[in-house]
Visitor: 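Mind having a look at this structure? Questions to follow.
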Amino acid sequence: MVEESVTIQIPNGLETRPIAMLVQVASQYESTVHLENGTKNVNAKSIMGMMTLGLDNGEKVKVTADGPDEKEALKSIVSFLTKDQ
């Protein structure tokens with residue numbers, strides 16, 4: 001398992017469109033991918049789960065990936081969260 005804390009750098013935060021795109025990125029990998037914020041820990045491959053986080057620009061989250069392609073999955077998710085949309 002690999003993990004990394006990251007500050008979200010998406011101007012309008014994780015709204016519906018960026019969430020859908022993030023789920024698509026996470027779904028490309030066999031590994032499980034989770035985002036954690038405070039007491040909430042959700043599957044990054046679940047649109048409904050991701051919407052419950054309500055993450056805004058500048059918030060910190062912990063991204064974890066576990067599986068055969070965990071390093072690639074983590075790198076892609078972190079890249080998505082930190083690039084200017």
Side-chain angles (χ1 to χ4, degrees):
M1 180 165 73
V2 293
E3 63 182 53
E4 185 173 335
S5 291
V6 63
T7 301
I8 296 173
Q9 296 173 13
I10 299 173
N12 294 324
L14 284 179
E15 297 175 327
T16 306
R17 184 175 163 270
I19 286 174
M21 293 170 60
L22 176 64
V23 169
Q24 286 180 339
V25 172
S27 295
Q28 295 174 13
Y29 299 96
E30 191 176 332
S31 297
T32 59
V33 181
H34 286 86
L35 267 67
E36 182 179 331
N37 180 299
T39 60
K40 292 184 181 178
N41 185 337
V42 300
N43 181 347
K45 296 179 183 181
S46 165
I47 289 178
M48 294 307 289
M50 289 299 301
M51 292 186 84
T52 65
L53 286 179
L55 298 171
D56 289 323
N57 188 36
E59 283 192 71
K60 283 193 171 248
V61 294
K62 181 168 73 171
V63 182
T64 59
D66 188 23
D69 51 3
E70 60 191 22
K71 290 179 183 175
E72 295 85 2
L74 180 70
K75 182 178 177 183
S76 291
I77 297 297
V78 168
S79 175
F80 179 85
L81 292 173
T82 58
K83 71 177 180 180
D84 224 355
Q85 301 297 310

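Counting from 1, the numbers follow the sequence of the chain as shown. Atom set for the values below is all heavy atoms of this structure, side chains included, hydrogens, waters and symmetry mates excluded. Since this is a predicted model, take the numbers as computed values, not measurements.
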Visitor: Taking the side chain as everything from C-beta on, heavy atoms only, tell me whether E4 gets closer than 4.5 Å to V2.
Guide: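 They are not in side-chain contact.
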Visitor: So which of I10, V6, V63 actually passes side-chain contact (heavy atoms from CB on, under 4.5 Å) with F80?
Guide: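 Testing each of I10, V6, V63 against F80, the sole residue satisfying side-chain contact (heavy atoms from CB on, under 4.5 Å) is I10.
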Visitor: Within the distance-only criterion (no hydrogens, no angle test), does the side chain of K45 pair as donor or acceptor with the backbone N or O of Y29 below 3.5 angstrom?
Guide: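 Between the backbone of Y29 and the side chain of K45 there is a qualifying donor-acceptor contact (under 3.5 Å).
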Visitor: Check K60 against T7 and note the closest heavy-atom contact, atom names and distance.
Guide: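 So the two residues come closest at CG-OG1, 3.5 Å.
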Visitor: So, for G38 and E36, which heavy atoms are closest and what is the spacing to 0.1 Å?
Guide: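 Distance-wise, the nearest heavy atoms are O-OE2, 3.9 Å.
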Visitor: Restricting to non-hydrogen atoms, name the atom on V25 and the atom on S76 that form the minimum distance, rounded to 0.1 Å.
Guide: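 Of all heavy-atom pairs spanning V25 and S76, the closest is CG1-CB, 3.8 Å.
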Visitor: To the nearest 0.5 angstrom, please state how far the CD1 atom of I47 sits from the OG1 atom of T16.
Guide: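 Going from CD1 on I47 over to OG1 on T16, the span is 9.0 Å.
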Visitor: Given V61, which partner from the list L55, I77, L14, V78 fulfils the side-chain contact (heavy atoms from CB on, under 4.5 Å) test?
Guide: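 Passing option: L55.
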Visitor: Within the structure provided, determine whether M50 and L35 are in side-chain contact (heavy-atom separation under 4.5 Å).
Guide: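 Touching, per the 4.5 Å side-chain cut-off.
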Visitor: If you group Ile, Leu, Val, Met, Phe, Trp and Tyr by side-chain heavy-atom gaps below 4.5 Å, do M1 and L74 land in one group?
Guide: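 No.
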Visitor: Taking it one step at a time, do D69 and S31 satisfy side chain to side chain donor-acceptor pair (under 3.5 Å)?
Guide: CA-CA 6 Å; D69 51 3; S31 297; 2.5 Å; yes
Visitor: Mind checking the CE-CD1 spacing from M48 to I19? Nearest 0.5 Å is all I need.
Guide: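 If we round to the nearest 0.5 Å, M48:CE and I19:CD1 are 10.0 Å apart.
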